[in-house]
There are 2 protein chains.
Amino acid sequence: MTTTTTPRVLEHPTRDRIRLEEVLHALSDAVRLRIVRELAREETELSCSYFDLPVTKSTTTHHFRVLRESGVIQQTYQGTTKLNCLRRSDLDALFPGLLDSVLAAAGAQAVREEEGARRPGPGGPEGEPA
Amino acid sequence: MTTTTTPRVLEHPTRDRIRLEEVLHALSDAVRLRIVRELAREETELSCSYFDLPVTKSTTTHHFRVLRESGVIQQTYQGTTKLNCLRRSDLDALFPGLLDSVLAAAGAQAVREEEGARRPGPGGPEGEPA
DNA sequence: CTCGTAGTTTGACAGGTGTCGTACTACGAT
DNA sequence: ATCGTAGTACGACACCTGTCAAACTACGAG
């Protein structure tokens, strides 16, 4: 046999074991949200090293694992690189509309933050909260 | 002077300070998700003691505070009780569709879990995850 | 005033989280 | 066989989180 060493298996939860709380928790981190947004934008599989994240390699590994174990992404080895993609069909089947509204919300917030950074006015026109 | 003691102020983030990551984190806990679901079902303001939660009073206080500080709920004192309601308009304006899809997802998952509990079959008809 | 009820505060505690650095493994290319 | 690159594992660390119990505060009723 050619494979005497570890076969490089990656544990993924089956669709029925994906839990909403864990998915929301996975998405509640800025770094992971960024990964998910890029994964959604480019519709192909992306390697971990594709991302330019503000953390070290080991932290990156950690975040990708959280995403995988919560069922948000699917990971497969291709030689020495690991390819990542969103589990769109599973997520859409379990939680219809959730992923899209989170992505839209993240996009909207990113735009809002960019605008806020461009306009250095201190006490801008802020409507009081109801 | 009627108010010599603490005026019982409750800090809420203004709409523009509500952050998606914090909202998702607030919703990623089972107890808090339950609170939010009930708050959405009954459309009126509910007191903290209305909820029958599997935790002590102090833990309940903690969860309500997380929900309030993340901008998910609005709390107001009415005498000795505290009334809670969802900040629907703020959330819908900031993150259109998000709250509804989370609520729908939570509902769907609850149904799925009830069915799973009712059907004690071990390896039931579970579609493999793609 | 006294009491009960609704909720808060504080301190404690076990366990989780995000982060890093360093050492390691797996694979492809030379 | 050797080397470089992509990613992992491990230990460490500060911090956050969910939980509780016990003591406390605020308010309304009697």
Side-chain angles (χ1 to χ4, degrees), chain A residues 1-12 19 21-36 39 45-70 72-85, chain B residues 1-12 19 21-36 39 45-70 72-85:
Chain A
M1 234 339 124
T2 38
T3 49
T4 342
T5 46
T6 336
R8 298 284 231 161
V9 224
L10 289 170
E11 299 247 326
H12 290 78
R19 302 222 66 233
E21 293 89 332
E22 283 183 48
V23 169
L24 292 176
H25 172 247
L27 296 175
S28 74
D29 177 276
V31 174
R32 291 194 291 261
L33 203 48
R34 188 160 147 179
I35 293 172
V36 169
L39 239 23
E45 300 187 299
L46 297 175
S47 69
C48 293
S49 49
Y50 169 89
F51 300 86
D52 186 28
L53 302 172
V55 291
T56 62
K57 276 200 301 177
S58 37
T59 304
T60 301
T61 298
H62 163 67
H63 285 306
F64 274 104
R65 182 171 39 210
V66 172
L67 287 171
R68 170 169 46 86
E69 291 181 345
S70 65
V72 175
I73 66 171
Q74 170 91 215
Q75 298 190 293
T76 45
Y77 275 110
Q78 173 137 350
T80 172
T81 78
K82 199 150 87 171
L83 296 181
N84 305 277
C85 66
Chain B
M1 68 319 286
T2 39
T3 47
T4 341
T5 46
T6 336
R8 297 285 230 164
V9 225
L10 289 170
E11 298 248 327
H12 291 78
R19 303 225 61 229
E21 294 89 331
E22 282 183 50
V23 169
L24 292 177
H25 172 246
L27 297 175
S28 73
D29 177 275
V31 174
R32 292 194 291 261
L33 203 46
R34 188 160 147 180
I35 292 171
V36 169
L39 239 23
E45 299 187 300
L46 297 176
S47 69
C48 292
S49 50
Y50 170 90
F51 300 87
D52 186 27
L53 302 172
V55 291
T56 63
K57 275 201 301 177
S58 37
T59 305
T60 301
T61 298
H62 162 68
H63 285 306
F64 275 103
R65 180 170 43 208
V66 172
L67 286 171
R68 170 170 46 89
E69 290 182 345
S70 66
V72 175
I73 66 171
Q74 170 93 213
Q75 298 191 291
T76 45
Y77 276 109
Q78 173 136 352
T80 172
T81 78
K82 199 150 85 171
L83 295 181
N84 306 277
C85 66

Just to verify, what does A:E21 make a side-chain contact (heavy atoms from CB on, under 4.5 Å) with, not counting sequence neighbours?
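Listed in chain order: A:R19, B:A30, B:L33, B:Q109.
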Not counting sequence neighbours, which residues clear side-chain contact (heavy atoms from CB on, under 4.5 Å) with B:E11? List them please.
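Testing B:E11 for side-chain contact (heavy atoms from CB on, under 4.5 Å), a comparison that skips the adjacent residues, returns B:R68.
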Would you jot down, in residue-number order, the residues of residues 55-63 of chain A having a non-hydrogen atom under 4.0 Å from DNA chain D?
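Correct list: A:K57, A:S58, A:T61.
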[N] phosphate, OP1 or OP2: any side-chain N/O from [X] under 4.0 angstrom?
X     : N      : answer
B:R32 : D:dG18 : yes
A:R65 : D:dG7  : no
A:S49 : D:dG7  : yes

Grab the [atom1]-[atom2] distance between [X] and [N] for me, whole Å please.
X     : N      : atom1 : atom2 : answer
A:L53 : D:dG7  : CG    : P     : 11 Å
A:D29 : D:dT17 : CG    : C1'   : 15 Å
B:I73 : C:dG7  : CD1   : P     : 12 Å
B:H25 : D:dC16 : NE2   : P     : 11 Å
A:L24 : C:dT17 : CG    : P     : 14 Å
A:F64 : D:dA6  : CZ    : C1'   : 12 Å
A:E69 : C:dG16 : CD    : C1'   : 13 Å
B:E22 : D:dT17 : CD    : C1'   : 14 Å

What are the two closest non-hydrogen atoms of [X] and [Y], and how far apart are they?
X     : Y     : answer
A:F64 : A:I35 : CE2-CG2, 3.7 Å
B:S70 : B:V23 : O-CG2, 3.6 Å
A:Q75 : A:L10 : O-CD1, 3.5 Å

Restricting to side-chain hydrogen bond (donor to acceptor under 3.5 Å, both in side chains), what partner residues turn up for [X], sequence neighbours left out?
X     : result
A:S49 : A:S47
A:H63 : A:R32
B:T59 : B:T56

What does the list of N/O pairs under 3.5 Å between the protein and nucleotides 28-30 of chain C look like, with a distance for each?
none

Counting distance only, does the side-chain N/O of A:N84 pair as donor-acceptor with the main-chain N or O of A:L46 below 3.5 Å?
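Indeed, once roles are kept as given, a pair shorter than 3.5 Å links the two residues.
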